[in-house]
> 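After the structure tokens below, expect a handful of questions from me.
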Amino acid sequence: MKPDESDRPIIRDIMEKGVRCPDSENFTENIMARLGYETPGQPEKVPGFFNPPAILMMVFLVVLSIVPFMNWLLGVVNGETIALMAVLQEIIGQINGYLLYSPLFLLIFLVSFILYQLDRFLEKRSALE
Amino acid sequence: MLEQNHIERVKQGDREAFAFLVDRYKAPAFSIAWKILKNSADAEEVVQEAFIKVYHAIHQFRGEGKFSTWLYRIVYNACISQVRKNRNSCIPLDDVPEDRADFYQLDDALKQVSDKQVKVLIQEALDELDETDFTILTLYYYEDKPLKEIARVLNIRYSNAKVKIQRARLRLYEVMKKALKTEMHDLL
């Protein structure tokens, strides 16, 4: 059953008075400024490739690739630096070992990466439904 | 027709046309967001984001439904998503009042309130409603949306929307009656 339509003008009047406007006087201008000079229909500029898991992986790969060449890169250094390098090499060697000998490590990373991307995709899709 | 014309102009890159649409829908969209988020700054941010999403996805809008329904659905979903992120608790729903709503009596009482006070009084009374009631009343009475489209915005069944509008109407009467207690008493 639909509501009593005879009340409509009264309720409409109440709702008109009750609707709030944004506090900011420049609400529309702010939106237009945020849009910049983009043309409509273009996908929103969101970081695609440089997401947290990808950055983490890249940093790790860079460190992983330069560690074996540290001695060659740095040349003759003092004992303290050598000790620090040895610790770093040991840690990286351990992780490297996990990567090579433990598919589970890689699997965990891949699953977290896929879940992250899926979450972003679903969030974007539900927002536009 | 005018709205469709503006949408086509936005698709062709007319920014003025988009500003027109923002101006047209900012108040009801903000009111719905404000009601759900209970925070003016958050509501402004969510509504701005929603308009930006609409701008970027305007080519996806094929005009099968109404533009406003699409926009309100985006705003509503964004607000619900924000609430989930904020872990805000919703105001519990009261029991539906049983007595019949006499809006004519309410209208008479409203006429006794000065023009200056009436807006504040109504806004304070509407604050007592929960977000679903407020959204459904805004869309049905302020935006003249049919129940079918309201059901789409709120992601509920048509039959459910019919029940909800009845309940919202009765709750509105209750909160307004409470706000106009003195004026209503004077009328009797």
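We name chains A, B, ... by the order of the sequence lines, and we start the count at 1 in each one.
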> For B:Lys66, which residues count as a salt bridge (Lys or Arg N to Asp or Glu O under 4.0 Å) partner, sequence neighbours excluded?
none
> Determine the minimum heavy-atom distance between B:Ile52 and A:Arg34, stating which atoms define it.
CD1-NE, 3.4 Å
> Minimum heavy-atom separation for B:Lys26 and A:Thr28, please, with both atom names.
NZ-OG1, 3.5 Å
> Please classify the contact between B:Leu137 and chain A as side chain, backbone, both or neither, with a heavy-atom cut-off of under 4.5 Å.
both
> If you count heavy-atom pairs under 4.5 Å with chain A, which of B:Tyr76, B:Phe61, B:Tyr104 comes out on top?
B:Tyr104
> So which of B:Val118, B:Leu121, B:Asp144 has the biggest tally of heavy-atom pairs under 4.5 Å with chain A?
B:Asp144
> With a 4.5 angstrom heavy-atom cut-off, could you sort out which part of A:Ile10 is near chain B: side chain, backbone, both or neither?
side chain
> If I compare all heavy atoms of A:Phe27 with all of B:Gln48, which pair ends up nearest, and what's the gap?
CE1-CG, 3.6 Å
> Out of curiosity, A:Asp23 CG to B:Trp34 CH2, how far, rounded to the nearest 0.5 Å?
9.5 Å
> Taking the cut-offs as 6.0 angstrom to the six-membered ring centre and 45 degrees off its axis, would you call A:Arg8 and B:Phe103 a cation-pi pair?
no
> Report the option among A:Cys21, A:Gly18, A:Pro22 that has the most heavy-atom pairs separated by less than 4.5 Å from atoms of chain B.
A:Pro22
> Please find the pair of heavy atoms, one from A:Val19 and one from B:Ser31, that lie closest to each other, and give the distance.
CG1-OG, 3.2 Å
> Which distance, rounded to the nearest 0.5 Å, do you find between the CD1 of A:Ile11 and the OH of B:Tyr141?
3.5 Å
> Under a 4.5 Å cutoff for heavy-atom pairs, which residue among B:Ala41, B:Ala125, B:Ala19, B:Ala50 has the most contacts with chain A?
B:Ala19
> Please report the shortest heavy-atom distance between B:Thr138 and A:Met15, naming the atom on each side.
OG1-CE, 3.5 Å
> Within this structure, what is the OH-CD1 distance for the pair B:Tyr142 and A:Ile14, rounded to the nearest 0.5 Å?
15.0 Å
> Who are the ring-ring contact (aromatic ring centres under 6.0 Å, His included) partners of B:Phe18, not counting sequence neighbours?
B:Tyr55
> Is B:Glu44 paired with A:Arg20 through a side-chain N to carboxylate O contact shorter than 4.0 Å?
no
> For the hydrophobic clusters of this structure (ILVMFWY residues joined by side-chain heavy atoms under 4.5 Å, transitively), does one cluster hold both B:Leu139 and B:Tyr158?
yes
